[in-house]
2 protein chains.
Amino acid sequence: MSHMDYARLMAVDRDHVLRSAAALLTRKSTATMDEVAKSAGISRATLHRQFAGRDALVRALEALGIAECEAALDAARPDEGPASDAVRRLVRELESAAALLAFLYTENQLFEGGAQNPGWTRIDERVADLFKRGQAAGEFRIDLTPAWLTEALYGLLGSGAWAVSEGRVASRDFTFMITELLLGGALRHPARPREES
Amino acid sequence: MSHMDYARLMAVDRDHVLRSAAALLTRKSTATMDEVAKSAGISRATLHRQFAGRDALVRALEALGIAECEAALDAARPDEGPASDAVRRLVRELESAAALLAFLYTENQLFEGGAQNPGWTRIDERVADLFKRGQAAGEFRIDLTPAWLTEALYGLLGSGAWAVSEGRVASRDFTFMITELLLGGALRHPARPREES
DNA sequence: CCGTAATGAGACAAAAATGTCTCACATGGA
DNA sequence: TCCATGTGAGACATTTTTGTCTCATTACGG
């Protein structure tokens with residue numbers, strides 16, 4: 001096995017371990033390293049070889065979450081076309097990372113040591129900028145701040161991921177539910193064609 | 001000190017401890033009993049006298065959360081007047097319990113032992129019934145299920161509590177932000193008087 | 001002033017989790 | 001086949017957390 005192949009395989013395993021860990025820790029935040037290892041189908045020794053400890057594991061999860069958010073933002077082209085369409089694209093791109101984000105969102109341990117990872121700041125900015133753009137274009141209402149809309153998006157992503165995992169809503173409705181509630185709200189709006197009977 | 005007075009004072013202390021614990025555990029889900037005790041300003045011994053262990057503490061938090069939700073639902077009179085007004089009342093009543101709910105919402109450890117507390121089922125039903133009523137009255141759109149609206153409400157409550165605690169939004173805007181986003185969404189709706197310039 | 005009762009501080013052992021190590025085994029390339 | 005490398009299983013000591021205990025102190029009512 002060459003060095004390159006070795007590095008690639010390690011990366012694949014590492015990603016799988018991280019996703020399993022995220023899925024488990026989202027359900028049980030106090031899970032032990034042994035439980036994390038078992039959930040990923042590996043031994044505690046191997047887990048410990050890849051991540052020095054629980055802290056390193058959480059940091060790696062954070063890095064993965066940041067990377068996925070950045071990738072989703074890039075793929076969603078937040079600066080193109082109507083802001084509402086960009087929001088829809090963004091939610092769709094974030095769907096696969098929603099469970100991971102739900103975990104990281106509640107893992108405030110992350111910036112306990114002073115300041116949070118600057119990656120989140122940047123992501124928050126990019127999302128908030130999208131809402132700002134929508135407000136400037138007259139698409140979005142201006143009495144809800146971009147910061148709040150950003151937080152609300154995170155919260156709804158978490159709720160959506162949770163609702164899907166609990167079987168309360170169908171998986172394929174994920175994007176629809178979140179974007180429709182975030183953009184249109186629960187009220188009927190007769191003036192909008194979408195809600196016309 | 002009479003028995004009655006004693007019982008009353010214990011209840012007060014107990015409530016304070018529970019709220020401190022909720023505030024801490026929301027920020028750091030892996031906090032130890034010692035940290036919980038310190039955050040409540042009591043010794044570990046006293047904490048252990050009131051709650052046999054970590055599990056008992058979490059159960060007590062759950063019971064408190066259920067009681068607060070039931071009380072909020074009662075106070076909000078979900079069956080009176082327009083459903084949207086009832087939602088506003090409900091969010092306002094739930095504000096003080098939002099941090100606690102945010103913790104319990106992510107503490108899936110609660111129904112790990114088989115089934116979740118029936119109290120939550122009942123609360124979910126009451127909230128969902130409110131949204132159903134709004135749909136039946138033509139107030140709410142019918143393409144978002146009551147179950148999803150209920151989950152979304154929980155998620156937004158959590159995001160709101162978080163945003164306020166982080167200073168991202170003003171505390172007095174809590175109810176407004178949540179109800180406006182939940183009911184009206186981010187889009188401008190020219191037909192609605194509220195958004196007319 | 002005197003008891004009652006709860007508390008805080010701390011000692012202590014038991015339990016749980018962690019970090020580190022060895023070793024046998026399997027896998028895949030040379 | 002032989003070797004290199006990663007892995008799982010498990011032993012082991014260390015650390016952390018927990019549960020239980022005692023005892024001095026404080027607060028409050030009689």
Send over the distance from [X] [atom1] to [N] [atom2], rounded to a whole Å.
X: A:Arg49; N: D:dG10; atom1: CZ; atom2: C1'; result: 12 Å
X: A:Phe51; N: C:dT18; atom1: CZ; atom2: P; result: 15 Å
X: A:Lys38; N: C:dA17; atom1: NZ; atom2: C1'; result: 13 Å
X: B:Leu47; N: C:dA6; atom1: CG; atom2: C1'; result: 15 Å
X: B:Arg14; N: C:dT7; atom1: CZ; atom2: P; result: 13 Å
X: A:Asp13; N: D:dT7; atom1: CG; atom2: P; result: 6 Å

Using five base pairs at each end to define the local axes, how bent is the helix from C:dC1-D:dG30 to C:dA30-D:dT1, to the nearest 10°?
30°
Can you run down the salt bridge (charged side-chain N to carboxylate O under 4.0 Å, His left out) pairs that involve residues 157-178 of chain B, sequence neighbours left out, and say none if there aren't any?
A:Glu151-B:Arg168
Please list all pairs meeting salt bridge (charged side-chain N to carboxylate O under 4.0 Å, His left out) that have one or both residues in residues 17-26 of chain A, counting only residues at least two apart or in different chains.
A:Asp15-A:Arg19, A:Arg19-A:Glu68
Those residues that, when tested against B:Glu125, pass salt bridge (charged side-chain N to carboxylate O under 4.0 Å, His left out) (two or more places apart):
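Checked B:Glu125 against salt bridge (charged side-chain N to carboxylate O under 4.0 Å, His left out); zero matches.
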So, using side chain to side chain donor-acceptor pair (under 3.5 Å) as the criterion, who are the partners of A:Ser43 when residues are at least two apart?
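So A:Ser43 forms a side chain to side chain donor-acceptor pair (under 3.5 Å) with A:Thr46.
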Check this one for me: any side-chain N or O of A:Thr46 less than 4.0 Å away from OP1 or OP2 of D:dG8?
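True: A:Thr46 side-chain N/O within range (under 4.0 Å) of D:dG8 OP1/OP2.
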So which heavy atom on A:Arg141 is nearest to which on A:Gln135, and how close?
O-NE2, 3.0 Å
Got a list of protein N/O to nucleotides 17-19 of chain D N/O distances below 3.5 Å?
| residue | atom | partner | partner atom | Å |
| --- | --- | --- | --- | --- |
| D:dT18 | OP2 | B:Met33 | N | 3.0 |
| D:dG19 | OP2 | B:His48 | NE2 | 3.3 |
| D:dG19 | N7 | B:Arg44 | NH1 | 3.1 |
| D:dG19 | O6 | B:Arg44 | NH2 | 2.8 |

Using a cut-off of 6.0 Å, state whether more than 12 heavy atoms not belonging to B:Arg122 lie near its atom CZ.
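Atom CZ in B:Arg122 is not crowded, with 12 or fewer foreign heavy atoms closer than 6.0 Å.
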Regarding the side chain of B:Gln50, the nearest nucleotide among C:dT7, D:dA9, C:dG10 is C:dT7
